Amino acid sequence: MTLIRLTMAQALTRWMAVQMVDSEDGPVPFFAGVWAIFGHGNVAGLGEALYAVRDRLPTYRAHNEQGMAHAAIAYAKQRARRRAFACTTSIGPGATNMVTAAAVAHVNRLPVLFLPGDVYASRRPDPVLQQIEAFGDATVSANDCFRPVSRYFDRITRPEQILKALPAAMAVLTDPAQCGPVTLALCQDVQAEAFDYPAKFFEPRLWPLRRAPADAYDLAALHQALTEAKRPLVIAGGGVRYSQAESALSAFCLSHRIPFCETQAGKGALPHDHALNLGAIGVTGTDAANQAAREADLIIAIGTRLQDFTTGSAALFSQARIASINTASFDAHKFDALPVIGDAKSVLSQITSDYQAPPDWTERLSAARTVWEARADAVMAAQGTPTEAQVLGALMRCAPENAVVVAAAGGLPGDMHKLWRTRQSGGYHMEYGYSCMGYEIAGGLGVAMAAPEREVYVLVGDGSYMMMNSELATAVMMGVRLTVILIDNRGFGCIHRLQKATGGAPFNNRLEDSHHETLPDIDFVGHARAMGAHAVHAASIDALESAIEAARTRGGVNLILIETEATQGLGEGGAWWDVAVPEVSDSAAVRAARNAYDQKLKTLRDPS
Ligand SMILES: Cc1ncc(C[n+]2csc(CCOP(=O)(O)OP(=O)(O)O)c2C)c(N)n1
Ligand SMILES: [Mg+2]
């Protein structure tokens, strides 16, 4: 057997460079590159190894570890999980800075290989700089924080362990049901330790996209349920995109005349004007889709986790039987559903029924959709003081067909889920599994890297912008095309409105309601310019449209600031959301809100 003497880090990077997946252009490396911020925990070991393979496995430098991991996550999401990045950090703060991002990847079921540096396996220099010391357990390091937010975790304490750990990691990263973040904590000394690795370990390996078909039992039950359905509805989740089942979904819905609606992750799988698309479902849903969900007797959930925003906190599906097509058994069994475990594209092609939904059901919902669209048009039309809905209207008028909009938190996910009209698959990129403030700009960078041929628009509130904006400078440095639309309503507007809706006093959300000696007047335009972006202030919707056009012509990294009111939310559409209100309070407003909350709980299918 031929052996090659390499350090563990050299072996790791060589191996990463030859893990392949299929693409339209033939096999391509699964790892598009490595995001890295070096410190003593990785610069000498992994840093040296990355330099040696930089032509095959490029390394990118970011400004914040969480930010670079968001970029990695967004890249994988935009590429429908078929390609991914690794992220490496030093030990300690660099590593724990990525824990939040690992949770984002975990919730959203997205592949990222986290490679935080770890303390010395030998323990020689203990306590090494940045080593936390658990008094009663010498095996604990800061990286144990990754365990609950990783689908697979290992700590590499000997160089030969990667012979087993890396294939196991890759199996998780490329498995449709298991998919999520993998953490391999790399002990600092072990990164630099040499071992005689078998040459065979570094031969290219192709990881296929496995399409598990449904079991005959599950399929028969689904056929039976379809036969009995009078008011069927499909919910398209993110799994539709990850299975590349867009055409199969369209064909299925058209041939059985079943209307469909979209979760945040599933939105845009099919264009907004597809004949059977009722739009967003749930707390941030359209009237048409939510009416369908309330009245449906069979809901076919495809590739969705059925989180509370989709299900209206379980209140929407009052009478429906649920069939759940999902690669993950865990998801397929939620809501006591009829589980159909398998890949969305495969399962949809296995359905042979000649069932057709009653025409009056489809027609009624189609009429409801027309009414909704007129309401949406009205709120998006330019009039008076700009609102978030009007900002979306302006962007829709100016953005090209291939636009991708990126957002994550604040009022935007709700407004965009309801209002945004996606024209091309993958044109709607919303991180709403973890809804992590600070994902937006870093995520936009990842999307721009994944889809350089598309026009990428990041929509971000002032709160999220302030939480994390440093990757704006990375985007400038990397020369990507990116336009950020910053909506400044001077605070956490959506939480302010939620506080009011639960009877709370205006407190600690808007800047004006928060402890201050001086009310901040942040110069966002100056701030973005300082990081190298081209930044302008748009004083009106007309000015916004001109700025969007100008940004598109100019290219590079642009930021457009527009001001809106924090008190104004979008009243249209939506469904109830379970936000627990205090049972006792001195405030009459809180007591009234609790009373309304109790009344609502009594109407739930399962009030427990
Ligand atoms: C990291 C993180 N912290 C806190 C929250 C809770 N949260 C959700 S939206 C929001 C306010 C967002 O403010 P902004 O970006 O200005 O958007 P707006 O609500 O004003 O539309 C907060 C604090 C979160 N989602 N993520
Ligand atoms: Mg705000």
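None of the values given here were measured: they were computed from a predicted structure. Indexing begins at 1, ligand by ligand and atom by atom, following the structure's order.
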Any salt bridge between [X] and [Y], counting N to O under 4.0 Å?
| X | Y | result |
| --- | --- | --- |
| Glu545 | Arg397 | yes |
| Asp377 | Arg421 | yes |
| Asp144 | Arg155 | yes |

Query raised in the report: How many protein N, O or S atoms sit closer than 2.8 Å to the Mg ion (ligand 2)?
Result: 3
Query raised in the report: Who's closest to atom 19 (O) of ligand 1 heavy-atom-wise, of Gly461, Ser435, Cys494?
Result: Cys494
Please check whether [X] reaches ligand 1 - meaning an N/O of the residue sits under 3.5 Å from an N/O of the ligand, judged on distance alone.
| X | result |
| --- | --- |
| Met437 | yes |
| Gly493 | yes |
| Gly491 | yes |
| Leu412 | no |

Query raised in the report: Hey, does Met467 sit under 4.0 Å from ligand 1 if you only count heavy atoms?
Result: yes
Query raised in the report: Is Ala408 in contact with ligand 1, taking contact as a heavy-atom separation below 4.0 Å?
Result: no
**Report entry** Atom CG of Asp521 with >12 non-hydrogen neighbours under 6.0 angstrom
**Finding:** no
Query raised in the report: In this structure, are over 12 heavy atoms from other groups packed under 6.0 Å from Glu583 atom CD?
Result: no
Report task. Please check if the side chain of Arg497 supplies one atom and the backbone of Ala566 the other of a donor-acceptor pair under 3.5 Å. Result -> yes
Which residue and atom name correspond to the protein heavy atom nearest [atom], and how close is it?
| atom | value |
| --- | --- |
| atom 8 (C) of ligand 1 | Ile495 CD1, 3.7 Å |
| atom 13 (O) of ligand 1 | Phe492 CD2, 3.4 Å |
| atom 17 (O) of ligand 1 | Gly410 CA, 3.6 Å |
| atom 15 (O) of ligand 1 | Ser464 N, 2.9 Å |

Query raised in the report: Can you tell me how far the CD atom of Gln264 sits from the OG1 atom of Thr284, to the nearest 0.5 Å?
Result: 4.5 Å
Query raised in the report: Against heavy atoms of Gly463, which atoms of ligand 1 measure under 4.0 Å?
Result: 13 (O), 14 (P), 15 (O), 16 (O)
Report task. Please identify which atoms of ligand 1 are closer than 4.0 Å to at least one heavy atom of Gly411. Result -> 18 (P), 19 (O), 21 (O)
In terms of ring plane angle, is the pair [X] and [Y] parallel, tilted or perpendicular, where the classes change at 30° and 60°?
| X | Y | result |
| --- | --- | --- |
| Phe317 | Phe335 | tilted |
| Trp576 | Tyr597 | tilted |
| Tyr60 | Trp35 | tilted |

Query raised in the report: How about His527 and Tyr465: are their ring centres within less than 6.0 Å of each other?
Result: yes
Query raised in the report: Can you name the side-chain contact (heavy atoms from CB on, under 4.5 Å) partners of Asp513, sequence neighbours left out?
Result: His496, Pro506, Arg510
Query raised in the report: Can you find a heavy atom in the side chain of Asp488 that is under 4.5 Å from one in the side chain of Arg490?
Result: yes
Query - Asn489 and ligand 1 - part of the residue with a heavy-atom distance under 4.0 Å - result: side chain
